[in-house]
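Got a structure here, written out as structure tokens. Questions coming.
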There are 2 protein chains.
Amino acid sequence: MTRIEMAKKGIITEEVRQVAQEEGVFPEELSQNIAEGRVVITRNILRNIKPLGIGKGLRTKINANIGTSRDKTDIQEELEKLDIAVKYGADAVMDLSTGGPLTEMRRAILKHSSVSIGTVPIYEVAVRAIEKYGNIVKMTVDDIFNVIEEHAKDGVDFVTVHCGVTKKIVEMLKSGDRVLPIVSRGGSILADWICYHDKENPLYEYFDRLLELAKKYDLTLSLGDGLRPGCLADATDRYQLIELITIGKLKDIAISEGVQCIIEGPGHLPLNHVETNIKLQKSICKEAPFYVLGPLVTDCAMGYDHIAAAIGGALAGMYGADFLCYVTPSEHIRLPDKEDVKEGVIASRIAAHAADIAKGYAKAWQRDNKMAEARRNFDWQSQISLSFDPDKVHSMRSERPPLEDEKVCSMCGEFCAIKISRRAVE
Amino acid sequence: MTRIEMAKKGIITEEVRQVAQEEGVFPEELSQNIAEGRVVITRNILRNIKPLGIGKGLRTKINANIGTSRDKTDIQEELEKLDIAVKYGADAVMDLSTGGPLTEMRRAILKHSSVSIGTVPIYEVAVRAIEKYGNIVKMTVDDIFNVIEEHAKDGVDFVTVHCGVTKKIVEMLKSGDRVLPIVSRGGSILADWICYHDKENPLYEYFDRLLELAKKYDLTLSLGDGLRPGCLADATDRYQLIELITIGKLKDIAISEGVQCIIEGPGHLPLNHVETNIKLQKSICKEAPFYVLGPLVTDCAMGYDHIAAAIGGALAGMYGADFLCYVTPSEHIRLPDKEDVKEGVIASRIAAHAADIAKGYAKAWQRDNKMAEARRNFDWQSQISLSFDPDKVHSMRSERPPLEDEKVCSMCGEFCAIKISRRAVE
């Protein structure tokens, strides 16, 4: 039985209890949310990692993407990125490799990782199609499902599948009223296949086959948004919404078949579209976990897209997004390096934490309250350890230390407001 | 006559026309907003800089704080910070120096700066009081006003004055129901003085004297929030609101006397308090320009407070904040260095831009639309020049260039979604 099937029968598993305890929620409530598709636990039955709960009532989670491209292939570097991502608080990591020995890479990451691992199998299908047939569009339906099954067999915990990129919507796109028709790699590969063969997207047409496969491994499906807007001008348009409606419908089928689903979301959104997008998804997809990429609140933050994504992600989280995909400073420029991964994870952690504060999540508030207390008491050791990057804070303070009074910092020195005001009013 | 007096008489000055043209608004509307206190133009009559409009209907502006502390005194470094701040888009800079030769520093900054300069004169009053009397609290009422006048005479464009830190509120604070009673340096200095002398805050008691002085130079008053919350636990509490009500009342008096005012605001706020805070300020202060410090949406982002501030600032801007004070990665740790200034300004620029996008500000949208078009066309030169830090983007791309096709980037390489999808659907 899958998790959903057990939850539907009212069986509260050890795994559910473990997640419930970690999150500070009741196991019965968590189980009910799993049964009805509002929470997923992303763990392949073949894997022995700490289970990760994502969804309603739980802490906002973050994902870090790593992986090679054909322009940069180095397994060791990717494993180091994985370590960095986990060190700074990534709850899950996706291997998006498209270059080098993909199977070897994926297995190394799965072996090395203590957190949930996701993949986008269509990338590997495309890479193999080029190797085998010399062209992406020559991939066969079996090629697609075989790779997905390989990923599941290797222990992948969740896979992005762009089931909502239907033949109809790809035809609609030809009207040319989008600035950037498709900015999702998986979405564009499938669109290319659909146009070439004049056939329906196999992940849509044979969704039942996908479900059958997912059930075997209790593999979570992350229903990808191949039509996510790639610039503000395309935000919240008909293509995005039609795809959302499609994947919302597929999600209902998946839940009824006992397969867990996450819904993926934008993308590039003006700040004033964020609330609408989250509420739409929550309504159309009946509170299924929402996994947003950013959202990026401007197209112009190249080199600093982690900040544009933190702005959008925090707001999305406050309105109910459950899972934030990080964005690194390298977005739109190049494959990220290790420092980019660190910057991306920390920015995303701050966004998720700010969202949890806004949602009233008790553990998040406890941390901030401890920080405030440490500030009040000039307790620098506690402040450093409560920060998201203690080493950085420690070294920054050491570089420009206070000279007259070690209680304060070199920003205000003797004119420390906390020191003066406590003297005045206490 | 001051700007407000002229605007009240319906005189549209050259300065107003210049700002109106820059902002893409009608001069008559701008003038009306100045007359009624919804917009300020921060320029001392003694200064010959480009006038800066802040307030209703205008682009969201950002301020960068620079200046020495007793723990770090280096005029040259501060001038370099000024250059960096302006280079990356600071609309105004505040000199918050409290260490070294303050007058020399201020004059050097004023001479060097092409943008509006603000100060917090009470800092210098405090520094001199220590030199002269050995104790902050020994400063006299004349000492306070003399320093403010010196700043105005030197050409300072706007000054922060903590007029709302009244004797009554300082007494209320003694109840001890705040974690951090005061985190504003100026606020704490005045509270210390009030408690020691058991007298009213001179900036409140002699507000008429302040107005008289401000009128002479058309000096803009930035009514400081000495009681801003310094941690999430203290956010949007009675102290903050009582002070806001007080300064809202003082602002009305100032406008009626022809003196321009900005209202300063928080501080540390949970993300879900931001909208309320902006709407409260806009209502209580009758749409006076709102100048927020951050707001920081978590207490725990030490080392990355520029990101916490960008999240809060973007949201604040969307809801109507007009002027964002940057926060650097050094906040809560040390006096910022040059790199911190750069990081802080860019994060704040992104926040202000995201807010302008959300507000529908046409020039902001034009920039993003150009970026989207450049992406569509694989036009890297335009993408780089439309970014907030072209040098960084250029060097990041050069470090990990695409190897097979210079149109794309090394993130996706050959699997560039834009390339594939344009082939498929166009």
Side-chain angles (χ1 to χ4, degrees), chain A residues 69-72 98 173-174 179-185 188 191-192 195 231-233 270-272 297-303 307 310-311 314 318 333-335 347 350 353-354 357-358 368-369 371-372 376 387 389 392-393 396-397 400 402-403 409-413 415 417 420-421 424-425, chain B residues 69-72 98 173-174 179-185 188 191-192 195 231-233 270-272 297-303 307 310-311 314 318 333-335 347 350 353-354 357-358 368-369 371-372 376 387 389 392-393 396-397 400 402-403 409-413 415 417 420-421 424-425:
Chain A
S69 75
R70 284 166 64 114
D71 289 332
K72 184 80 192 170
T98 56
L173 267 178
K174 292 181 180 170
V179 179
L180 296 169
I182 301 182
V183 296
S184 147
R185 267 190 282 186
S188 70
D192 205 15
C195 292
C231 60
L232 299 188
L271 197 55
N272 59 323
V297 294
T298 167
D299 300 336
C300 295
M302 290 173 96
I307 295 179
I311 295 170
M318 174 168 89
I333 304 175
R334 65 171 192 190
L335 198 75
I350 291 171
H353 181 74
I357 288 281
D368 281 49
N369 290 343
M371 179 63 93
R376 175 182 169 79
S387 73
D389 186 359
K392 182 180 182 186
V393 176
M396 285 177 80
R397 181 165 160 83
R400 295 196 160 196
L403 300 178
C409 85
S410 60
M411 169 80 95
C412 303
F415 297 106
I420 295 174
S421 67
V425 305
Chain B
S69 75
R70 284 166 64 113
D71 290 332
K72 184 80 192 170
T98 56
L173 267 179
K174 292 180 180 171
V179 179
L180 296 168
I182 301 181
V183 296
S184 147
R185 268 191 282 187
S188 70
D192 204 15
C195 292
C231 59
L232 299 189
L271 198 54
N272 59 324
V297 294
T298 167
D299 299 336
C300 295
M302 290 172 95
I307 295 178
I311 295 170
M318 175 168 87
I333 304 175
R334 65 171 192 191
L335 199 74
I350 291 171
H353 181 74
I357 288 281
D368 281 49
N369 289 344
M371 179 64 93
R376 175 182 169 79
S387 74
D389 186 359
K392 182 180 181 187
V393 176
M396 285 177 80
R397 181 164 160 85
R400 295 195 161 197
L403 301 179
C409 85
S410 61
M411 169 80 96
C412 304
F415 296 107
I420 295 174
S421 67
V425 304

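Values reported hereafter were calculated over all heavy atoms of this structure, with side chains retained and with hydrogens, waters and symmetry mates removed. Chain letters run A, B, ... following the sequence lines, proteins first and then strands; every chain starts at 1.
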(request) Name the member of B/Gly413, B/Ala301, B/Ala358 that forms the most heavy-atom pairs with chain A at distances under 4.5 Å. (result)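 Highest number of heavy-atom pairs under 4.5 Å: B/Ala358.
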(request) Provide the closest heavy-atom pair for A/His353 versus B/Cys300 in the form atom of the first, atom of the second, distance. (result)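 Closest heavy-atom pair between A/His353 and B/Cys300: NE2-SG, 4.4 Å.
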(request) Please report the closest heavy-atom contact between A/Ala310 and B/Ile307, naming both atoms and the distance. (result)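 Closest approach of A/Ala310 to B/Ile307: CB-CG2, 3.8 Å.
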(request) Could you check if a side-chain atom of A/Ile333 sits within less than 4.5 angstrom of a side-chain atom of B/Cys409, using non-hydrogen atoms only? (result)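 Not in contact.
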(message) If we define contacts as heavy-atom pairs under 4.5 Å, which of B/Ser410, B/Ala347, B/Ser188, B/Cys231 has the most with chain A?
(response)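 Among the listed options, the one with the most contacts to chain A is B/Ser410.
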(request) Counting only heavy atoms closer than 4.5 Å, note whether A/Lys392 contacts chain B via side chain, backbone, both or neither. (result)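 Contact with chain B involves the side chain of A/Lys392 alone.
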(request) Look at B/Val183, B/Asn369, B/Ile350, B/Leu173 and state which one has the largest set of heavy-atom pairs under 4.5 Å with chain A. (result)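 When all of B/Val183, B/Asn369, B/Ile350, B/Leu173 are compared, B/Ile350 has the most.
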(request) Determine whether B/Pro181 and A/Arg376 make a side-chain contact, defined as any pair of heavy atoms from C-beta on separated by less than 4.5 Å. (result)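 They are in contact (side-chain heavy atoms under 4.5 Å apart), so the answer is yes.
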(request) Could you grab the distance from atom CG of B/Leu232 to atom CG of A/Asp368, nearest 0.5 Å is fine? (result)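 Rounded to the nearest 0.5 Å, the CG-CG separation comes out at 4.5 Å.
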(request) Measure across A/Arg185 and B/Phe415 and return the closest heavy-atom pair with its distance rounded to 0.1 Å. (result)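 Reported closest heavy-atom pair: CG-O, 3.0 Å.
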(request) Select one option (side chain, backbone, both, neither) describing which atoms of A/Met371 are under 4.5 Å from chain B's heavy atoms. (result)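 Interface part for A/Met371: side chain.
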(message) Within the structure provided, determine whether B/Arg334 and A/Met396 are in side-chain contact (heavy-atom separation under 4.5 Å).
(response)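 B/Arg334 vs A/Met396: side chains touch.
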(message) So, taking the atom named SG in B/Cys195 and the one named CD1 in A/Ile420, what distance separates them when rounded to the nearest 0.5 Å?
(response)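 Spacing of SG (B/Cys195) from CD1 (A/Ile420) equals 12.0 Å.
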(message) When you compare the side chain of A/Met318 with that of B/Asn272, does any pair of heavy atoms fall below 4.5 Å?
(response)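 In contact.
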(message) At a heavy-atom distance under 4.5 Å, which candidate from B/Ala372, B/Ala191, B/Ala233 has the highest pair count against chain A?
(response)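 So the answer, after comparing B/Ala372, B/Ala191, B/Ala233, is B/Ala372.
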(request) Would you name the heavy atoms of B/Ala424 and A/Lys174 that are closest together and state the gap between them? (result)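 Result for this residue pair: O-CE, 4.1 Å.
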(message) If you compare all heavy atoms of B/Gly303 against all heavy atoms of A/Val393, which two are closest, and at what distance to 0.1 Å?
(response)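 Distance-wise, the nearest heavy atoms are N-CG2, 4.3 Å.
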(request) Between chain A and each of B/Asp299, B/Ile357, B/Thr298, B/Thr98, count heavy-atom pairs under 4.5 Å; write down the option with the most. (result)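 Top count of heavy-atom pairs under 4.5 Å with chain A: B/Asp299.
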